[in-house]
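Step one of this worksheet: look at the structure below.
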Protein chains: 2
Amino acid sequence: MNSPTEIPAVTRQSERLGELIEERIVTGVYPPGTRLDEQELANTFGVSRTPVREALIQLSSAGLIEIRPRRGATVPEVGADRVCEMFEVMAELEAMCGRLAARRITADEQLALQEAHRACEAARDANTPDVYYQLNEVFHQRIYEASHNSFLVEQATALHRRLRPYRRLQLRVRNRMATSFNEHQAIVDAIVKGDSDLASAQLRAHVTVQGERFADLVATLRDFKAGG
Amino acid sequence: MNSPTEIPAVTRQSERLGELIEERIVTGVYPPGTRLDEQELANTFGVSRTPVREALIQLSSAGLIEIRPRRGATVPEVGADRVCEMFEVMAELEAMCGRLAARRITADEQLALQEAHRACEAARDANTPDVYYQLNEVFHQRIYEASHNSFLVEQATALHRRLRPYRRLQLRVRNRMATSFNEHQAIVDAIVKGDSDLASAQLRAHVTVQGERFADLVATLRDFKAGG
DNA sequence: AGTCACCGTCTTGTATACACAATATCAGAG
DNA sequence: CTCTGATATTGTGTATACAAGACGGTGACT
């Protein structure tokens, strides 16, 4: 008697491997410039080279690694300018989500959005940046979904994921949490009000600020390095 | 099946295979719903299953096929609504390109853009839709590049590619070529003038129209089917 | 007669083996 | 001592072999 809801956890190893390797890349275990040796990865994860290769190809398609023919896979050195470009695109994608969300959001989704927003508020009051960071992801996801454009949701989510490590760097920035929450408030207001232009502008600004903060951070680090 | 006389592959077979299979998908050789048997593809292209699998994984990451664990790869049935969603995102990406291009385009790029535009004009005057279609691609690519955001260029190009088959359908639409060219003219003017808001709006409208045309076409086809 | 279970076949997923290209190493010449 | 060229080694790219799950058919039981 097989229960219809039985989940045999039947996923390809290569898929799991991809996630594991991705995790190690974004967490800095494999820093930029690292050469990813297939055999070495295979040994590390206790599998053969085949699923490792498939995972690497997947990551390559996602843009997380670079595969040069006959030269193997490497974690690319993503220049600060490159990341800024990505934030620039992210800002526009989020702006679009906001614009559509303001026009299309349902009552249920409004509730879900405000709930996520209040959760962020709690994290802010508790002064728990890590929690805020996670709830922030939920908040933005709610907006994506309210756009009622599933393709857009996928694109935005993918890029959001890819920018995660760089956004994470900003946790420590002074007052970032409070400022972020205030921006969120304005965004929620605009969406609830149905003001698509305002929602769009607010979200664009919100994300653009993150890109600028990242640029600031990079500049600071460079100065720090140069200074000694 | 190694043919020793073939030119030494400077690129992976799987990469070439990916392009070949992609070509067959977008040209309708493998229509939506087709089950892509690995062994069959391997026989077709005269290689083993390994590079075929790698190509399929790549295509899956690009969103062109769906791979369900243990059930193989299939060409997904992309619903009309899904395509419309993609056009909606494309419109926004192009709008962004235009907005940035209006602010950042160099003198050289202006020349290249206008050259591409004039080439389109020639194709319009010659009433050669196929040629116009190809030159149109170049025209848009020029705008992407003028945005001076390489990540945006990649994203826009990828989505443009993915929408190609649906845009191709519109070649036959009455007066589409002339209308398209007029829209291009307005876009070029706005960019050259440096009016980023206008360029953005014009491009958004230009692409949105394509999405609507596609929707029209689908509706017409449906009625046609229903009618007889 | 309909339904369910069991079994065979087929396809995918993974491992291993082999071929070849690219890089590293070392020796010899300038 | 350095530069260059040949050789060795390493690692990728492809093929083949093996294992395991999914689908279809057939048979038995209700």
Which whole-number value in Å describes the distance from [X] [atom1] to [N] [atom2]?
{"X": "Glu38(A)", "N": "dG13(D)", "atom1": "CD", "atom2": "C1'", "answer": "8 Å"}
{"X": "Asn43(A)", "N": "dA15(C)", "atom1": "CG", "atom2": "C1'", "answer": "13 Å"}
{"X": "Ile67(B)", "N": "dA22(D)", "atom1": "CD1", "atom2": "C1'", "answer": "17 Å"}
{"X": "Leu41(B)", "N": "dT11(C)", "atom1": "CG", "atom2": "P", "answer": "12 Å"}
{"X": "Arg12(B)", "N": "dT14(D)", "atom1": "CZ", "atom2": "C1'", "answer": "12 Å"}
{"X": "Arg53(A)", "N": "dG11(D)", "atom1": "CZ", "atom2": "C1'", "answer": "10 Å"}
{"X": "Glu54(A)", "N": "dA15(C)", "atom1": "CD", "atom2": "P", "answer": "10 Å"}
{"X": "Asp37(A)", "N": "dG11(D)", "atom1": "CG", "atom2": "P", "answer": "5 Å"}

Got a salt bridge between [X] and [Y], using NZ or NE/NH1/NH2 to carboxylate O under 4.0 Å?
{"X": "Arg12(B)", "Y": "Glu19(B)", "answer": "no"}
{"X": "Glu92(A)", "Y": "Arg99(B)", "answer": "yes"}
{"X": "Glu38(A)", "Y": "Arg53(A)", "answer": "yes"}
{"X": "Glu22(B)", "Y": "Arg161(B)", "answer": "yes"}

Base dG13(C) paired with Arg49(B) side chain (donor-acceptor, <3.5 Å) = yes
Closest to the [X] side chain, choosing from [options]:
{"X": "Thr50(A)", "options": "dT14(D), dG21(D), dT16(C)", "answer": "dT16(C)"}
{"X": "Arg35(B)", "options": "dT14(D), dA22(C), dT11(C)", "answer": "dT11(C)"}
{"X": "Val47(B)", "options": "dA22(C), dA15(D), dA15(C)", "answer": "dA15(D)"}
{"X": "Arg71(A)", "options": "dA15(C), dA15(D), dT23(C)", "answer": "dT23(C)"}

inquiry  = Check this one for me: any side-chain N or O of Ser48(B) less than 4.0 Å away from OP1 or OP2 of dA15(D)?
reply    = yes
inquiry  = For the backbone of Ala123(A) and the side chain of Thr128(A), can you confirm whether one donor and one acceptor N or O come within less than 3.5 Å of each other?
reply    = yes
ask   = Touch check for Leu36(B), heavy atoms < 4.0 angstrom, all strands: base, sugar-phosphate only, or nothing?
value = sugar-phosphate
note = Closest to the 5' end of DNA chain C, once Gly46(A) and Arg68(A) are matched to their nearest nucleotides, is Gly46(A)
